2 protein chains.
Amino acid sequence: MKITIADIARMANVSKATVSRVINNKPEGVSKETRENILRIIKESGFQPSMVARGLVTKKTKSIGLIITDIANSFYPLLVRGVEDYANKYGYSLFLCNSDNNPEKEKGYINAFIEKSVDGVILSSSMNETSFHYNILKSKNIPLVVLDRCVEGDQYDASVFFDNTKGAYIAANYLVNRGHKKIVFISGPKSLIISRHRLDGYCMALEEKNIEIDEDIIVEGDFQFDSGYNRIIELLDKGKEFTAIFACNDLMAIGAIMALKSRNIEVPKQVEIIGFDNVDISRYIEPQLSTVGQPAYEMGVEGAKQLIKLIEGKKISNKDIILKPNLVLRETTI
Amino acid sequence: MKITIADIARMANVSKATVSRVINNKPEGVSKETRENILRIIKESGFQPSMVARGLVTKKTKSIGLIITDIANSFYPLLVRGVEDYANKYGYSLFLCNSDNNPEKEKGYINAFIEKSVDGVILSSSMNETSFHYNILKSKNIPLVVLDRCVEGDQYDASVFFDNTKGAYIAANYLVNRGHKKIVFISGPKSLIISRHRLDGYCMALEEKNIEIDEDIIVEGDFQFDSGYNRIIELLDKGKEFTAIFACNDLMAIGAIMALKSRNIEVPKQVEIIGFDNVDISRYIEPQLSTVGQPAYEMGVEGAKQLIKLIEGKKISNKDIILKPNLVLRETTI
DNA sequence: TTGAAAGCGATACCAA
DNA sequence: TTGGTATCGCTTTCAA
């Protein structure tokens, strides 16, 4: 039998209203003695107020929804950790969902969030367009923070982005400054905005030094190990020449390393490589991967911070937070 | 303005009860026309029933709580994915929490789950003892499924375990059959039950072949990369002889490989190594790590399956599911 | 400082 | 096939 506020009220010989004041820490409206007495009874009885009953009247559930594409994708665990840590600190629970880049699934999750009356949602969308979600959430007064991906003119209440263009730029720039002229670019799926941004950064760095952009060594992967491996094997088989590789994520970079190794090409002596993400694995492979660090944990924290401000009606100083990349030089570069 | 069941009732010229019947798909009690009419109005108005109001009366929230130690720990993402996939299929949302092996944090999360009236909880506990949680959850009628870790005599409604003893046994047995007599055992924290189980498996394999157990080469790590690295360096510095290593997780095994490499000891030619977990990384390092596969995704799925059966009052055929290990032989063994 | 009562948005029982 | 109404556990006026 669950024990309710009415039970506590009866046991303490007061009204429900008084008990309510106590469990909500209302400073006034209840004498010291009654408060202490009620507190004691609550403790002894192990009473815990029901958030669902409370939620029905306050319209707050102290829970937030987070949609990512796939927690098994190495970039996300830290991001999720960042969100969870911050949310927990402020008393919020986190609903976690994996969209698998499937817009239908994503919509389903947004609907579930609405039905469950989450206080806010954080979305690392698989769609390049969040206006649809924004509008439906808006109509229910649920704030939306988008992470990581987006397009100009998109709609949301706040965002945390990573400066992808700059990230690619500093990597390519490093390579260019080392004297490389033939730098393979292994892109993510071209349909993604971030892929375009990173390509921009790559091109910027080359153009700055008047290096011709060779379309033949700009190839498309899918962020998986195998695509990095295969693209490099293909280039090698076609006899394309190159002395450096910039891959749009670490997994593809590692695939590239393996491809090179299988052809007895030495890294970094013959080919230098830089990846993107700074995933855990990159420290454990050999040679250790140089990469562009994406502060995933920080992104999670900042996202949660933005969202909770929005939920609690506080002003957010800047709607769009842009996180800076950092180049982590290890052993695949000289 | 949120639209409620009362609004729909008014618009359809029926009572709330009728609308309720429709949104809950009650087969009888409403004529075809009224049903269709109500459905149409619901669609047009974009009405979505509030789970919190519903939860107040039904005592079901269609959400479950999951506590793991740390999502950033490479074993968990797949586990979580398994839970989420299965839960989602049955309409449940998942609260994710990271306990960091901190019993106080764990209790805090359990309390939050109770306040939020989750329908059930899945726990991969940091404590070797779940009775405390079990009792408090029991009193609120919330089923508990424990994963991965436990001790005999512990209390829970169902469990999914991995046969750790057998896992360690098949690894050690493989090594023993290859002729090794000096096999280093890198344990996890000794305070953990799984560490003891794995040590048991290791000892069983050696004893079966009458190989003496040398306490000097049984060392304790903390599941982190560095501990694997350091323990091996220490053994090397002490001049201990060994020809194989069995590490209680992949990260420590990889640390061991790196330690060996730093001393120019060849793997697997001079020392063979087997890890535990079959984490993603193990395929990307060189040489690729041989390891004992823990079916993390399957564990998540089975856990969710057990829990949902419990929640929905279905009989569970066996309270304790034991998942079998599989030896994944790659390049650190011959 | 305290209490009585209305109301949040659904479900569910009992009548009609 | 329908509707009226009590109810779930809490918050929140308003009055005492």
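Bear in mind the structure is a predicted one, so any value in this text is a computation, not a measurement. Note on naming: letters A, B, ... go to the chains in the order of the sequence lines (proteins, then strands), and numbering restarts at 1 for each one.
- As judged by a 4.0 angstrom heavy-atom cut-off over every strand, A/S20 is placed among the base-contacting residues.
- Separating the CE atom of A/M51 from the C1' atom of D/dC8 is a distance of 16 Å, rounded to the nearest angstrom.
- Ion pairing between a basic and an acidic side chain is recognised when a charged N comes within 4.0 Å of a carboxylate O; B/K319 and B/D157 show no such pairing.
- For B/K16 and B/T34, each mapped to the nucleotide of DNA chain D holding its nearest heavy atom, the one lying further toward the 5' end belongs to B/T34.
- Here the P atom of nucleotide D/dC10 and the CD1 atom of A/I42 are 10 Å apart, to the nearest Å.
- Listed nucleotides: D/dT13, C/dA10, D/dG3. Nearest to the side chain of B/R21: D/dG3.
- Nearest nucleotide to the side chain of B/V30, out of D/dT2, C/dT11, D/dC10: D/dT2.
- Salt bridge annotation for B/D85-B/R81: present, with a cationic side-chain nitrogen under 4.0 angstrom from a carboxylate oxygen.
- Rounded to an integer number of Å, the gap from CD1 of B/I8 to C1' of C/dG9 is 12 Å.
- Rounded to whole angstrom, the span from the CD1 atom of A/I5 across to the P atom of C/dA4 amounts to 14 Å.
- Counting non-hydrogen atoms under 4.0 angstrom, B/V52 reaches nothing in the nucleic acid.
- The residue B/N13 sits close only to the backbone: its heavy atoms come under 4.0 Å of sugar-phosphate atoms, none of a base.
- Across all strands, B/V14 comes closer than 4.0 Å only to sugar-phosphate atoms, never to a base (heavy-atom distances).
- For the pair A/R10 CZ and D/dC10 P, the computed distance is 12 Å after rounding to whole Å.
- Each of B/A17 and B/L56 has a nearest nucleotide on DNA chain D; the 5'-most of these lies closest to B/A17.
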Extract all donor-acceptor atom pairs below 3.5 Å that involve side chains of residues 308-317 of chain A and protein atoms in other chains or at least two apart in sequence.
from, atom 1, to, atom 2, distance (Å)
A/E312, OE1, A/K314, NZ, 3.2
A/E312, OE2, A/Y92, OH, 2.9

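- For A/K59, taking side-chain heavy atoms from C-beta onward, the closest of the listed nucleotides D/dG3, C/dA10, C/dG9 is C/dG9.
- Proximity note for B/T58 (side chain, C-beta onward) versus C/dC14, C/dG9, C/dA12: the nearest is C/dA12.
- Checked for salt-bridge contact, A/D119 and A/K62 miss the test: no charged N lies under 4.0 Å from a carboxylate O.
- The shortest distance between the side-chain N/O atoms of A/S15 and the OP1/OP2 oxygens of C/dA4 is not below 4.0 Å.
- Residues A/K59 and A/S117 bring no donor and acceptor atom of their side chains to less than 3.5 Å of each other.
- Taking 4.0 angstrom as the limit, A/S31 places a side-chain polar atom (N or O) nearer than this to OP1 or OP2 of C/dT2.
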